[in-house]
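Written out below as structure tokens is the structure these notes cover.
Below, chain A is the first sequence line, B the second, and so on; all start at residue 1.
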Amino acid sequence: MASTANAKSMNRAATGQPTSVVASFIKRNVEVISISASIFVLAIIFSILNPRFASVENLENILNQAGLPLIIAVGATFVILIGSIDLSVEGVMSAAGMTFVLMTANSRGGTDYGFWAYVVAIGLAAALGFFSGVLFTKVKVPSFIVTLGMWYVGLGVATVLFGTDTMPFLTNDDLSTWASQQNLGMPNNFLLGLIVAILGALFLRFTSFGRVTLAVGNNEEIARGNGLKVNRNKVTVFVIAGAISGIAGIVATIQLGAVNPTIAAGNLFIALPAVVIGGTSLAGGKGSMLGTVLGVILLTTLTNGLTLADVSPNFKTAVSGGILILAIVITAWSQRDRLRISK
Amino acid sequence: MTPSTKSGVPVIALTNIEKSFGSNKAVKGISFSINPGEVVGLIGENGAGKSTLLKILTGMYQPDAGSIEVNGKVVKFKNPRDSISAGIGVVHQEQSLFTNLTVAENIAMNSGKGSSASTKFGIYRWSQIYQAAKVTLEAIGSKLDPKAVVNQLGFVDRQMVEIARAVSADAGADGSSLVILDEPTSVLEKHETEVLEKEIRKLKNFGAVIFVSHRLDEIMRNCERILVMRDGELVADRKTSEVTEKQLFKLMIGHDSRAEASSRKSIDSKETAAIEVNSLSRKGKFSNVSFSVHSGRLTAIVGATGSGREELARALFGAEKIDSGSVLLDGKQINNWRIPKAVKSGIGYVPSERKIEGIIGGFTASENLTLTHPGKSALGPFLIPRARKKIAQDWFNALDVRPNDISQELGRFSGGNQQKVVMAKWLNSPELRVLILDHPLRGLDPGAAETVNAEIKRACKEGAAVILLADTLEEALEMGDQVLVMRDGEVTSSYDLAKQNPSTLDLLERMV
Amino acid sequence: MTAEINVVPAGGNLKVKLAKAWQSVGPLVVFLTMFALVAILTPTFLGNGGVTIVASSAASVLLVALGQSLVLNIGSIDLSNASITILGAILLAMTLNSVGAIAPLFILIVVSIFGAINGLIIAFTQVPSFALTLGTFGIFQSAALVVSGATTVYVKENGDAIKALYQSGIGGIPMTFALGVIAALVAWWFLRFTRPGLAMTAIGKNESGAIFSGIKTRWLKVLAFTMSGFLSGLAGLTIIAQAGSASPMGLGSDLLLPGIAAAIVGGTSISGGVTNPLNVVFGALSVALVPIASAAVGVPSQAQSLVYGLVIIVTVALTLSRSSNSIVK
Amino acid sequence: MSLKSILTKPVRMIAALTLASSLALSGCTSTTGEGSTAPLKKEDLVMVVSVINTTNPYFAANILGAQVLAKKLDIPLEIVDSQGSSQVEISKIQAILAKGKKVVMFVNTVASSDAPTIVNDVKAAGGFVTIWWNKPDELNPADIGNNFVAFQKHSGLESGACTASALSDAIGKKGGIIALPGVQDSTTSATRVAGMYQELDANYPDVTVLDEIPSNWDPQLAYKNSKDLIAKHGDKIKGVWTADDGMQIGAMQAFKEAGMLEKVKFVSDGLYPETVAAIKSNEGNGAIVGETFHRGYMASAIGLYTAYLAAIGEIDPSTLPAEKRDSLFAISCVTPDKIDEYLQWDNDVEGWVDTLIENGPWDTAPVPLVGAGPEKIPARNK
């Protein structure tokens, strides 16, 4: 689906002029550099519009708000790297969050299963991811539809678990304020997001799983011809994405201190654009966790900045949309070619 | 990577291998064996069953009947992985590298036992991967940087990576191993082929080699034994020393070669050229190129990789930007050159990347054929399917396309038959002025190549100006009325074959 | 590395034929089966205008899905179509009140322009449609909020003719749905029997091949998105016909995912090059039927999401156009 | 294009046949007929409660009220879960209408623009419906007829005024507050916001609204927006006004994390069980200072009972005065010290429904009919 890198254009690249070290560094990291620059420019604009933007409190706030989307975006990056998409995030988060709360000390009573609450919640999420992966690889239903269906399934699970009782609150105050507590100068949930992202990056770089993921995303048929276990890799990707959604569901629950089936609403449409802005190609095979982290920070900075800059709520989605368009157009501009394919 | 010293036991032995698709038998009872250290050629027309046989050997297909033995042991390949771990490595016809990964990884990615040394519990040990790749590359005499990302490499380098990978897969196997080279040279230029051939000779140290090619001269040069397939059967298994090229051709096709000498016209200088190119330049690709082709004449352009001839051809079709210079069609200057405009002005282009650029694989042959120039199959924007069928059927009959089924998806035809349809697509234009052919015979078997060449000549005779980027210098000299030689983006010489008679050596001298 | 099976006998074998036949009737069969199931479980459903309900509910989904199919057919995706629908509906409600009868025409032109803008940016800056239309989705949504003043716009005058589309029908099928069926027929004819239609499918199957065949791929992309905008606008028209009012978060604002689901249940390939607008009709009917059926059959309300999700997956699995060696993403 | 080639294809044939047969199956030519007003028998009735989702406490209470009333009147009950989608809401309602029984329906609309469709469909099916909370101002029950029995709500202006006053008093009648309205196009939210401004403008000139960010009735979004506003305004925030208790939960969590819970006061609408629990546990040292009292079960029971009376011919909607067709019911301002007074109703829902049946829909404490709609949002000149 990507820009067809046909033999001709490759030849051209090969016979191109030798470039300086700096130029080649810039070329290789054009996305990371341009997003970083965008964040910087936005930060300056917002600081001028409202000096409080640059205050320590607000920067902490931005990181705190970036935590949850960051976790989700890491899972989404894996899925997008194999050229697929995971729309089930919000449903899986709800199901996991609900499971988690009901197995922890909560306002509805019930038993506190402690550590097992985490295990079961993440396990459930991973299981939903597993089903997506199997339906996707074995029944060959496009990931878009499988995960769309799984979104509703997750919501359904959460709704059934919720039942007709009142909203369950976490009764352990240490837990419900954990997300915004600071460690190493960063809010816990951002730190967790960062850890997930670093683990994700390490997985991508240093494990066969990660490299096979890139290979499958680059060209699935070649991967099969090379004897790589393509289906197993894809299922694993969905299981990991599911488990990460599960973690995100727990974090969302802890942040709010309570849970309802719509706890995750709106998260998908922050995470997906962030991944795309971060330079991960929707066609698969190309992308980085660093880009994803920066993409999340860019979008979080943007929504925060718009609030601080007194932009009318009615215009907010337009401004975000406009900036998303600007970002992708600028990125794509230098790659324009009359033979390039983009879908 | 120890060269096998075992003798007597064949590296691979096939007994009565059969494979059918639906009611069609693609491979009919093939048996042969190959001993360590042998380089065996495998030839046959497209559709003779070679590809199917290779896919059985590499575990992509499972045979319906028959058995395979590797180093004396009966094996069953359920998937490519099994084949790789048995020590069978392939250099694919179309390159099969992960363009987003490094050279070293591509070599290691072959999931045979070879790669397990560099990963532990699924954790990559990069230094070892680089080291292993370096050793493998050195063993085949390549100085490539293992850390280079494949999408920054040229075609020949990529081919070397493929070979290194095939060799490294074999390294993990017990006993001798087998390297299959599936038309590795079909996209290479002459001097590149020479480099490659040297490598092939080294490869037999690793075990045995099956070398698949359409170029009979290559097969004759490199192989000790030659297997010929026709219609799914093995029709000959000969020592190279005991056959001639002509005999092989006959074995493959079932009849003699019908090549005819072409008659050459000299230019009538008063006549306006169909296409005239004046100091055309594109930065970094070609510069200051001038030539003209008259109606009914064929100009062949030769040059090595990087000579800029492909880019020039694509620029003439509007597929690449032009920085300066002008193009005149029938004496009229054209501006803002784009593909749709080129097509409308009567230019046709047969691309070398047939599957990507030449055809719409998922469309039927008839849809492909009439997509660009619908002729009578469309009234303005409206299509007339019945007329489309008639046009396609006429072309199918004229070009002997097989199978003779115009409603079959074109992607399911063999390369040669696809190419015939691509030719027909342009020939179906009532006012074809210029036909640009980029390696039109690439990957084609001699039979199909003959048909395509005949069509090129016919188009020429009917008044089209033809620009040909030939695969070989011989082809250029045989087909052309004029030969242009390009080097580093510039035209170094031009020969009018009606008056001059350059040798391939003359051309080669100007190319490098 | 497409498997080169050059030895396929003329006409293909039985398995291929069956697969082809299923591809053309699958969506219809799936819908009829589900519908029959509902009719058996709740016999009163048929007698009391069940068909009318399913059809009227499917109308807007169908129109959006048709636009989406045309875009999916060229290998792109339009995430902004539902926001165009709602913006179109709001603009229509406002202009009906002020300029009157010419309003629908005017609005259809405007929404087509919105679609064309999507197409122009995608074609000429070569950005991925998924990301671009995600961006314009936000912009159109904002526009809907701003022009409506973040409230419901009610059609006070000149609305009777449009409302009649919903209230009248032929044999219980509301005109809004009939409109969708007509649009499907036109789209089907366009794709099968016109050069631009065929060329669009060529783009979806192999864009490089299309470029080298001299097809004006960029302008055809613009055309596909323009048509998507136009059909989204028609969907907005049916919203006004049905509700007589529109609000930014109200009816019609959540048609995106049902629209995509309907297109795919109707056999459209998400990776491009395969669609049959006539089957999208049954895709839309199926997608509209699921919530209605679950209410009619009496699935407990808390389990309805669960059922919806599973049914969507299963129906797509049944109606999917897949060939053995194709890659699914 | 040849017609023959189309007709020879089996698919098209089947398609044509299906369409034709489905046309034949339902033989009417108009999809909406004239509503009937003849009294219906109780046995023919089915009660329907339509809610936006089933998990929000308010909607859960809607369902509860319907269940209790249905049991008392001995009528079967159907629940419509709109899953937050207008499309789903309307099609499910239509599906129930299609089952043939005459409906007595209460609808808490997802969006006000859903109301016209729903009332028209119910009218066509000969059922009776009351809409709660949201409808376009221009849609008048009398214009539709008896089948659209009434539109009912609690005054948003009063709710906003009530909570604004409690909040202002608690922060000492001066200082900054932030406001988190619900979904942008919701009239319920818009009227509450207007009521808040009206009260502040009239009685608390020194209280300023620092910021107003719609938070879609969503606790998580309210949490996020609160965080941004804390960063933006810091200690200037003395009070937080939210349009419902769901968003208050999110806002309180944000202030709790910022360590400001004890310094900031909160007011909101609805007195959800969660809010009651927070008040009882003296969360944030009395952070919640004002609430309104009205109940989901009361709303649904009143709505359904009104529709029921119209269905069995006990009342003739066309003869009712305007305030009984477009009604405002009382809403009570509650301060934490007085909540027990109100919570008594929750302990005996059945008993309350009994008094409703006894006194009629317009005259039951604590939510008697108090006025006529539609509520106009006053212009602000500030």
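Taking 4.5 Å as the limit, some side-chain heavy atom of D/Glu212 sits within range of a side-chain heavy atom of D/Tyr197. No side-chain heavy atom of D/Glu89 sits less than 4.5 Å from a side-chain heavy atom of C/Leu251. Side chains of C/Pro258 and D/Gln87 form no contact here, defined as non-hydrogen atoms less than 4.5 Å apart.
Salt-bridge check for D/Asp326 with D/Lys135: passed, with a basic side-chain N closer than 4.0 Å to an acidic carboxylate O. By the 4.0 Å N-to-carboxylate-O rule, D/Lys376 lies close enough to D/Asp137 to be salt-bridged with it.
Of the two parts of D/Gln83, only the side chain, counted from C-beta on, holds a non-hydrogen atom closer than 4.5 Å to a non-hydrogen atom of chain C. Contact annotation for C/Leu255: only side-chain heavy atoms (C-beta onward) come within less than 4.5 Å of a heavy atom of chain D. In this structure, the portions of C/Ser305 lying under 4.5 Å from any heavy atom of chain D include both its backbone and its side chain. When heavy atoms are compared at a cutoff of 4.5 Å, D/Ile79 approaches chain C by way of both its backbone and its side chain. The part of C/Val61 that comes within reach of chain D is its side chain, from C-beta onward, which places non-hydrogen atoms under 4.5 angstrom from that chain. Neither the backbone nor the side chain of C/Ser148 comes within contact range of chain D, judged by heavy atoms closer than 4.5 Å. Contact of D/Leu139 with chain C is made through backbone and side chain together, with heavy-atom distances under 4.5 Å. Only the side chain of C/Ser56 comes within less than 4.5 Å of a heavy atom in chain D; its backbone stays farther off. When heavy atoms are compared at a cutoff of 4.5 Å, D/Val110 does not approach chain C at all. The part of C/Ala246 that comes within reach of chain D is its backbone (N, CA, C, O), which places non-hydrogen atoms under 4.5 angstrom from that chain. In this structure, chain D has no heavy atom under 4.5 Å from any part of C/Thr194. Contact of C/Leu145 with chain D is made through the side chain alone, with heavy-atom distances under 4.5 Å.
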For C/Thr152 and D/Thr187, what are the C-alpha separation, side-chain angles and deciding distance, and is it a side-chain contact (heavy atoms from CB on, under 4.5 Å)? CA-CA 8 Å; C/Thr152 298; D/Thr187 45; 5.7 Å; no

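Separation of the D/Phe151 and D/Trp133 ring centroids does not fall under the 6.0 Å cut-off.
Under the 30°/60° scheme for interplanar angles, the aromatic rings of D/Phe106 and D/Trp132 are found to be tilted.
Across all non-hydrogen atoms, the minimal contact from D/Val209 to D/Ala179 is CG1-CB, 4.3 Å. Nearest heavy atoms, D/Glu375 versus D/Leu157: OE2-N, 3.0 Å.
With chain C as partner, the option from D/Gly84, D/Ala125, D/Ala95 having the largest number of non-hydrogen pairs under 4.5 angstrom is D/Ala95. Between chain D and the residues C/Ala293, C/Gly244, C/Pro248, the most heavy-atom pairs under 4.5 angstrom are made by C/Pro248. Options D/Ser86, D/Pro116, D/Ser113 differ in how many heavy-atom pairs under 4.5 Å they form with chain C, and the most are formed by D/Ser113.
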